[in-house]
Engineer: 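First the structure, then my questions, so here it is.
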Protein chains: 2
Amino acid sequence: MKLSDKKRQDILAAAEQLFYKQGAEYTSMDQIAKQANASKRTVYNHFETKEVLFQAILLNMFERVEAVNTISFSADMDLKQQLTAIAKQESDLLKSDNFLRMARVVFMQMLKQPELAKQLGNNKIGCMRFLESFLQEAVNNDSLKIDNIEFAAKQFVYQLKSFIFYPRLYGFEIPTPAQETQIIEEIIAMFLARYENRSAKV
Amino acid sequence: MKLSDKKRQDILAAAEQLFYKQGAEYTSMDQIAKQANASKRTVYNHFETKEVLFQAILLNMFERVEAVNTISFSADMDLKQQLTAIAKQESDLLKSDNFLRMARVVFMQMLKQPELAKQLGNNKIGCMRFLESFLQEAVNNDSLKIDNIEFAAKQFVYQLKSFIFYPRLYGFEIPTPAQETQIIEEIIAMFLARYENRSAKV
DNA sequence: AGTAAACTACACTGACGAGTTTACTTACTA
DNA sequence: TAGTAAGTAAACTCGTCAGTGTAGTTTACT
């Protein structure tokens, strides 16, 4: 790899780390240069402004997070187990450093510039990318009975976020792994209590 | 009212408004002074530092938000109606300017200083102040069947927050009043599907 | 080896913000 | 109505930070 490319990577890595730790606003370009073992001038040769660097990092983070493993409905398997698999995968995403890193930066920025929220808010992330189709198939299969699938999907994901993600994002008390298993079980129990089709043909 | 007291009020009002609009970090003391029609020196005569002013405003906001109308369980009334009343009241709180104002300032700060979250996170707010007792009474009355009451209360409140509060806080799409009524109905339907005691003595 | 592109250190500009100082004026109170 | 408590405008210190300019060095390619 050329030196120039390596420097670029170093700068991105340094900036990401610092933005994550302290927030974009509290990270100076001097700090980034130092952390990247690059001169400030080199930083500016690669990224015209701090804003450009910031956007580049957001893009970077999004790409890494977007690789979600789609889980499709299978009529043969136990529905509860399938939902548990989805919840576990989503919970892993919500807990991952990559995701939290991105979230901190993005949420901070969203509180400041509501335009950003409008711009990003529509991007479905994590299991929301396939959950609605999954539920639709389960409904078609008479395993579930749901009127408003979009809403049901949100109920599922919002609960995961509320218990797993927000506590980490804001620094509230974080559930232990044992509690987390419990939480996922309870969320699914509630979801099935509401939406399981009890008059299904056996 | 003495001029001195009036100035104090003006400064608090100006600071609150600006903190709300732009975040505490992006509001300068000069701006606050100007908005309050006070000289910068007067601002500093009332509040030693920006941090002190910030704390005073937090306190102010909390006091205004803390006045929650406690709703107690009544064995005579329909449980669903009672839960709806609680949800409506909570939703009104979550939508209120006072609450959103405070939340914006606090959440912004929490993303930056996780210590603040630990400090504030334990304060139960809104219906969380009485919901657990309410549910406990409903359980005692055999109307509900709940193992973990604290968790169930969170499930209830977290869903309200996810659908009503966070969209407003971050600038996502906000549900219409009609949708909101629907949302509350659905949340309660899910809650009752999970926790209603079907083997209750009639 | 020679050249161009990219890197480096470092000093610099210009803006902004927290908090202070000064010299002066206005408002309350005894 | 005299004195003091509080307010005012404006200039000032000191620190930080985004971004630039310069002169010299290193890297990579031919």
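Below, chains carry the letters A, B, ... as their sequence lines are ordered, and counting in each starts from 1.
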Engineer: What is the distance from OH of Y26(B) to P of dC17(D), rounded to the nearest Å?
Structural biologist: 12 Å
Engineer: Check E16(B) with R64(B), please: is the shortest side-chain N to carboxylate O separation under 4.0 Å?
Structural biologist: yes
Engineer: Please report the closest heavy-atom contact between K7(A) and N37(A), naming both atoms and the distance.
Structural biologist: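 Smallest heavy-atom distance, with atoms named: NZ-O, 2.6 Å.
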Engineer: Check whether any side-chain N or O of T42(A) sits under 4.0 Å from OP1 or OP2 of dT8(C), and answer yes or no.
Structural biologist: yes
Engineer: Quick one: is H46(A) getting a side-chain N or O under 4.0 Å of the dA6(C) phosphate, OP1 or OP2?
Structural biologist: no
Engineer: Just to be sure I understand: a Watson-Crick pair is purine N1 to pyrimidine N3 plus N6-O4 or O6-N4, both under 3.5 Å. Using that and G-U wobbles, which stems of three or more pairs involve DNA chain D?
Structural biologist: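 Runs of three or more consecutive pairs: C:1-30 with D:1-30.
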Engineer: E25(A) CD to dA18(D) P: how many Å, rounded?
Structural biologist: 9 Å
Engineer: Tell me whether E90(B) contacts the main-chain N or O of C127(B) through its side chain, where contact means a donor paired with an acceptor under 3.5 Å.
Structural biologist: yes
Engineer: Can you tell me how far C1' of dA5(C) sits from NZ of K7(A), to the nearest Å?
Structural biologist: 15 Å
Engineer: For dA18(D), does either OP1 or OP2 sit under 4.0 Å from a side-chain N or O belonging to K50(A)?
Structural biologist: yes
Engineer: Rounded to whole Å, how long is the line connecting atom CG of N45(B) with atom P of dT20(C)?
Structural biologist: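 Atom CG in N45(B) sits about 10 Å away from atom P in dT20(C).
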Engineer: Figure out the OH/C1' separation between Y44(A) and dT22(D), and round it to whole Å.
Structural biologist: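 Atom-to-atom, Y44(A) to dT22(D), this comes out as 17 Å.
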Engineer: Can a donor-acceptor pair be found, under 3.5 Å and without considering hydrogens, that links the side chain of Q179(B) to the backbone of T176(B)?
Structural biologist: yes
Engineer: In whole angstrom, what separates M29(B)'s CE from dA9(D)'s P?
Structural biologist: 16 Å
Engineer: Measure from NZ on K6(A) to P on dT26(D) and round the result to the nearest Å.
Structural biologist: 18 Å
Engineer: Testing Y158(A), F156(A), F151(A) for ring pair (Phe, Tyr, Trp, His ring centres under 6.0 Å) with F191(A), which one passes?
Structural biologist: F156(A)
Engineer: Let's see if you can work this out: which of dA18(C), dA18(D), dT8(C) has an atom nearest to the side-chain heavy atoms of S28(A)?
Structural biologist: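 Of all the options, the side chain of S28(A) is nearest to dA18(D).
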Engineer: Spell out yes or no: do the side chain of K40(A) and the base of dG19(D) have one donor N/O and one acceptor N/O closer than 3.5 Å?
Structural biologist: yes
Engineer: Classify the nucleic acid contact of N37(B) as base, sugar-phosphate or nothing, counting any heavy atom under 4.0 Å across all strands shown.
Structural biologist: sugar-phosphate
Engineer: Nearest heavy atom decides the nucleotide; on that basis, is T49(B) or S4(B) closer to the 5' end of DNA chain C?
Structural biologist: T49(B)
Engineer: Pick one: which of Q17(B), Q22(B), K21(B) meets side-chain hydrogen bond (donor to acceptor under 3.5 Å, both in side chains) with T27(B)?
Structural biologist: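 Between T27(B) and the candidates, side-chain hydrogen bond (donor to acceptor under 3.5 Å, both in side chains) is satisfied uniquely by Q22(B).
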Engineer: Taking NZ, NE, NH1 and NH2 as the nitrogens, is one of them in E196(A) or K145(A) under 4.0 Å from a carboxylate oxygen of the other?
Structural biologist: no
Engineer: Which residue, R41(A) or Q31(A), contacts DNA chain D at a nucleotide closer to its 5' end, judged by nearest heavy atom?
Structural biologist: Q31(A)
Engineer: Measure the distance from CD1 on I11(B) to C1' on dA18(C) and round it to the nearest whole Å.
Structural biologist: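 Nearest whole value for this atom pair: 16 Å.
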